[in-house]
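Structure record follows, encoded as structure tokens.
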Amino acid sequence: MLYKKFYDKQAGTDEHTSPLRISSLGLGNMRLPTEGEDKHIDVQKAQEIIEYAYENGVNYFDTAYGYHGGESERFVGRVLAQYPRGTWYLASKMPGHMMDFKDGKLGFKGYMSGLGSSASGRIQSCPGIFEEQLEKCGVDYFDFYLLHNLCETSYGFYTDKDLRVVEHLLGQKKAGRIRHLGFSAHGRAETIDKFLNVYDCFEFVQIQLNYMDWILQDAGRKYEVITRRRLPVIVMEPCRGGKLASLGREQDAMLKAARPEDSVVSWAFRYLQSLEGVSVVLSGMTTMEQLKENIAIFSKHDPVTDEEKTMLDRAVKSLMNLVPCTACRYCCDGCPQGLDIPKLISLYNEVSYEKPFTLNFTMDAMTEAEMPSACIACGACSAMCPQNIDIPGVMGRFAAALK
Ligand code: SF4
Ligand code: SF4
């Protein structure tokens with residue numbers, strides 16, 4: 001297993017002086033094997049996975065309040081408890097992305113609505129949730145603790161002056177109950193940047209990063225926003241939920257021709273090995289076969305070369321009909337509707353790859369006036385575009401698909 005020293009900005013340690021050595025492959029505990037119609041964790045198979053991971057060098061285990069309907073934290077904590085504390089690192093998350101704070105009242109929304117009270121009977125408060133998580137995991141501190149999913153819709157919750165979520169967690173850190181504080185994010189690069197400008201206290205950021213989302217979800221810019229502050233990046237969805245295990249017949253053949261012995265999915269992990277700022281790559285492994293393959297990949301430092309990166313780039317672009325916007329923003333000033341055209345085109349590229357169209361967190365937080373349906377097809381933008389993009393046409397297709 002490859003290990004990296006955790007660069008701890010707050011403690012002033014770096015990749016040479018840090019005492020914390022974490023495995024380059026981490027186990028994400030949101031896709032453990034399940035059984036039956038109600039999809040409870042398959043205790044025997046899931047335990048084998050966690051134990052095999054630990055015994056083969058994985059020491060970073062990631063869970064969250066909502067994973068497996070609230071079962072994951074307790075399960076992971078119970079399995080890890082058989083090993084000496086200090087030989088494994090546990091990460092969990094405050095579920096603020098699924099909570100709201102209205103009229104001074106805190107509650108869960110959406111699919112989490114049954115969780116807080118039924119799981120514990122405690123009053124739903126951020127301090128209460130944190131206590132419940134420690135109890136469920138059977139630990140008296142978290143090695144890593146994150147705000148779960150900073151995005152456009154959760155930004156207000158995490159920065160609320162009355163709730164003081166971050167301040168509370170900093171208090172827990174001071175008390176030694178959190179060793180390292182960070183956040184995960186599905187928000188856009190601008191949102192992550194803004195949040196990091198407001199709070200200088202975070203030590204790492206977890207983002208969705210893989211060679212497809214480098215292009216599709218603007219993950220390259222997110223990576224730059226984080227690493228320019230010398231914060232380590234923890235990667236989630238390295239294989240895009242399994243999509244990078246097989247791209248398409250033509251694309252798979254291209255990768256196989258270049259490295260006949262390698263699986264298609266190994267390219268996704270080798271790609272991440274080439275990014276210096278990446279600390280841990282989390283993979284939610286459901287089967288022993290996936291786990292064994294991933295451990296083998298992470299036992300050798302074998303990053304993709306620049307040439308191979310170009311090939312991956314070509315493979316991804318051949319899979320989708322991307323609108324080739326370079327985000328130069330020449331078109332923006334002349335838009336009578338004040339639309340953020342490059343942002344809309346980037347969202348169009350992202351969601352049009354997913355069929356059927358799915359709204360994402362960014363669009364959830366947008367007003368009608370910011371949506372593609374606000375375009376009046378005046379054409380002022382296209383006249384300014386050096387890429388000759390038919391912008392009103394894109395806006396029309398985007399608006400129609402969203403309907
Ligand atoms: S065509 Fe639409 S996006 Fe372009 S300038 Fe006019 S209103 Fe704005
Ligand atoms: S001018 Fe064209 S390339 Fe530049 S941001 Fe606008 S749409 Fe994108």
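Any value given below was found using the heavy atoms of this structure, including those in side chains, with hydrogens, waters and symmetry copies removed. Start at 1 and go down the list; that is how both ligands and their atoms are numbered.
Below 4.0 Å from some heavy atom of Ile345 lie the following atoms of ligand 2, by number and element: 7 (S). Less than 4.0 angstrom separates some heavy atom of Ala377 from each of these atoms of ligand 1: 1 (S), 2 (Fe). Those atoms of ligand 1 that come under 4.0 Å of a heavy atom in Gln337, given as number and element, are 7 (S). Counting the atoms of ligand 2 from 1 in the order shown, those under 4.0 Å from a heavy atom of Ile391 are 7 (S). Every atom of ligand 2 with a heavy atom of Pro386 under 4.0 Å away is listed here by number and element: 1 (S). With ligand atoms numbered from 1 in the order given, ligand 1 contributes 5 (S) to contacts under 4.0 Å with heavy atoms of Pro336.
Counting heavy atoms closer than 4.0 Å to ligand 2, residue Pro324 contributes nothing at all. For Arg329, every heavy-atom contact with ligand 2 shorter than 4.0 Å involves the backbone, none the side chain. Contacts between Ala374 and ligand 1, counted as non-hydrogen atom pairs separated by less than 4.0 Å, are absent for every part of the residue.
Judged by distance alone, the side chains of Asn149 and Ser184 never bring a donor and an acceptor atom under 3.5 Å apart. Using a 3.5 Å distance cut-off with no hydrogens or angles, the side chains of Thr63 and Glu73 do not pair a donor with an acceptor.
Here Phe130 and Tyr145 bring their ring centres to under 6.0 angstrom of each other. Checked against the 6.0 Å centroid threshold, Phe202 and Phe195 count as a close aromatic pair.
Among the atoms of Cys328, none of the N, O or S atoms falls under 2.8 Å from atom 8 (Fe) of ligand 2. At a cut-off of 2.8 Å, Cys325 is not counted among the residues with an N, O or S atom near atom 6 (Fe) of ligand 2.
Looking at Asp302 and Arg270, a side-chain N of the basic residue comes within less than 4.0 Å of a carboxylate O on the acidic one, giving a salt bridge.
With contacts defined as side-chain heavy-atom distances shorter than 4.5 Å, the pair Lys4/Arg21 does not qualify.
Not a single heavy atom of Cys381 sits closer than 4.0 Å to an atom of ligand 2.
Within a 6.0 Å sphere centred on CD of Glu307, other residues, nucleotides and ligands contribute 12 heavy atoms or fewer.
Taking the ring centre of Tyr141 as origin, the terminal cationic atom of Arg179 falls inside the region bounded by 6.0 Å and 45° from the ring axis.
Scanning the protein for heavy atoms near atom 6 (Fe) of ligand 2, the closest one is Cys331 SG, 2.3 Å.
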